[in-house]
Novice: 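Here it is, the structure in full.
Each chain gets a letter, A, B and so on, in the order the sequences are listed, and its residues count up from 1.
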Number of protein chains: 2
Amino acid sequence: MNDSSSKMGSGDKLLLAALHLIAEKGYNGVTTLEIATAAGLSEKTLFRHFGTKQKLLEAAFDRYHYAEEMKKLFAEKLVWDLERDLLLVSTTYHEIMNRNRKMIQISLKEDEGQLPGFRARTQKHPQQLLEILTNYFIEMSAQGKIVTSNPEMHAFTFIIMHFGAFMNDLDAQKSYPGINLAPFVQESVRLFARALRP
Amino acid sequence: MNDSSSKMGSGDKLLLAALHLIAEKGYNGVTTLEIATAAGLSEKTLFRHFGTKQKLLEAAFDRYHYAEEMKKLFAEKLVWDLERDLLLVSTTYHEIMNRNRKMIQISLKEDEGQLPGFRARTQKHPQQLLEILTNYFIEMSAQGKIVTSNPEMHAFTFIIMHFGAFMNDLDAQKSYPGINLAPFVQESVRLFARALRP
DNA sequence: GAAAAGACTGTCAGTACTTACTGACATATG
DNA sequence: CATATGTCAGTAAGTACTGACAGTCTTTTC
């Protein structure tokens, strides 16, 4: 049950345990004692490090939230081949979403009131991706390589589809347990490419 | 803040208030006093009706969970015209998901441990739909009306796409606030029909 | 190398607050 | 009278958080 390979400092052990447990049972569903025990430490140590339970969560968020600039990520990598680029976009999407998996779980469970700014940060990536993909579709359409009557809606459709798949995958108790991500990504990209071909 | 039109019985007022608040703040994030007050009643009345907080939630679930047999719903309505049928499937999907909106929010926030059987029931519809749509694609393919190399995966893709859109719409703080459901449904169906055309 | 100092942690007892839940009694409504 | 509700006071448990003290381990210093 314990991520704490013995080399980690106490602070990190606590942060990881907190992230793990809060993602699973919600902020109000976990006690500070539980978190400390899961980290293999005493409750006292938890408070010595972070002062309050709230600050512990905030610290965990600051420490383990990955936020790259996506535009740079794509600026050089797009090769203006539809299927190839869509595959790049979707795998990148799933990579980032997976890295922020726990964060996303938490922001789904807690309401905005108690976690100021939490949502905004977990939603940054999806929004950037939508912009990028919309512009990509517009340019591809101008180049005559695809047909899009509505670039933004199509970009949204593409991303929200992967968002759905990600959500389904997020939970141990998922709705569609038989389906894995990798083949889905492949097939969905193929499908989309077919839909947009001139 | 109050749904309680004066004609409702106390029991229902409480159930609705509970549903509303738990969906918003989570089971552990709401107190019995809050629920009772929101219903315009005293806490005592709450306990007289339901005994415990747990039973209140369970009662709310039993009372407000809509679970029709989807197969019957579609048996007569499908007309074997791809675009028309996909539109029917997706609008029906969104209708049912919307009716169970609060339930789904709750089952997302709480972990399985505390709500036995909750998940299973909110996931019943999606699973039935996948079956129906898969069989539909197989039959349509046999009739030569569409091309599907992988009917189940394509059915999954279609549904999970709408699931994603539903999730995005579920929250006040959604990731893509500019996009409405109705036009999305239209466009996504058109797109899908294009992708599967022979 | 021994000793002293400092940093980190555990134990334990305890406080203050919240919250699910109860019992006794009064009130209203039909 | 019967049923449904409100008020109020109170209990028992859980939980975030604190203070005092002791132990261990590492680092510094003579």
Novice: Mind checking ring-ring contact (aromatic ring centres under 6.0 Å, His included) for A/Phe158 and listing every partner two or more places apart, or none if nothing turns up?
Specialist: A/His162, A/Phe192

Novice: Between B/Thr45 and D/dG6, does any side-chain N or O lie under 4.0 Å from OP1 or OP2?
Specialist: yes

Novice: Hey, which sits more toward the 5' end of DNA chain D by its nearest nucleotide, A/Thr31 or A/Lys44?
Specialist: A/Thr31

Novice: Using atom CD of B/Glu43 as one end and atom C1' of D/dA4 as the other, report the distance to the nearest whole Å.
Specialist: 17 Å

Novice: Could you give me the CA-CA distance, side-chain angles and deciding distance for B/Gln105 and B/Glu24, then say whether side-chain hydrogen bond (donor to acceptor under 3.5 Å, both in side chains) is met?
Specialist: CA-CA 8 Å; B/Gln105 279 177 312; B/Glu24 190 182 341; over 6 Å; no

Novice: If an axis is fit to five pairs at each end of the helix from C/dG1-D/dC30 to C/dG30-D/dC1, what is the angle between the two, to the nearest 10°?
Specialist: 10°

Novice: Taking for each residue the nucleotide of DNA chain C bearing the nearest heavy atom, is the 5' side occupied by A/His49 or by B/Lys53?
Specialist: A/His49

Novice: Could you check how far NZ of A/Lys25 sits from C1' of D/dT15, rounded to whole Å?
Specialist: 14 Å

Novice: Can you tell me how far C1' of D/dA13 sits from CG of B/Asn28, to the nearest Å?
Specialist: 15 Å

Novice: Check salt bridge (charged side-chain N to carboxylate O under 4.0 Å, His left out) between B/Arg197 and all other residues, then give those that pass, not counting sequence neighbours.
Specialist: none

Novice: If you assign B/Arg48 and A/Val30 each to the DNA chain D nucleotide with the nearest heavy atom, which residue ends up on the more 5' nucleotide?
Specialist: B/Arg48

Novice: Looking at residues at least two apart in the chain, or sitting in another chain, which of them share a side chain to side chain contact (heavy atoms under 4.5 Å, CB included) with A/Asp81?
Specialist: A/Val79, A/Glu83, A/Arg84

Novice: B/Glu187: what forms a salt bridge (charged side-chain N to carboxylate O under 4.0 Å, His left out) with it, not counting sequence neighbours?
Specialist: B/Arg190

Novice: Would you please confirm or rule out a distance under 4.0 Å between OP1 or OP2 of D/dA16 and any side-chain N or O of A/Thr32?
Specialist: yes

Novice: Side chains of B/Gln143 and B/Glu139: do they bring a donor and an acceptor to under 3.5 Å?
Specialist: yes

Novice: Walk along DNA chain C from 5' to 3' and tell me the first and last nucleotide with an atom closer than 4.0 Å to a non-hydrogen atom of chain B.
Specialist: C/dT19 to C/dG23

Novice: Could you tell me the separation between the NZ atom of B/Lys13 and the C1' atom of D/dT5, rounded to a whole number of Å?
Specialist: 11 Å

Novice: D/dT7 C1' sits how many Å from B/Phe47 CZ, rounded?
Specialist: 16 Å

Novice: Write out all pairs satisfying ring pair (Phe, Tyr, Trp, His ring centres under 6.0 Å) with one or both partners inside residues 119-156 of chain A, taking only residues at least two apart or from two chains.
Specialist: A/Trp80-A/Tyr136, A/Phe156-B/Tyr176, A/Phe156-B/Phe184

Novice: Looking at residues at least two apart in the chain, or sitting in another chain, which of them share a side chain to side chain donor-acceptor pair (under 3.5 Å) with A/Thr32?
Specialist: A/Glu43

Novice: Once ring-ring contact (aromatic ring centres under 6.0 Å, His included) is applied, do any residues pair with A/Phe61, and if so which ones, sequence neighbours excluded?
Specialist: A/His65, A/Phe118

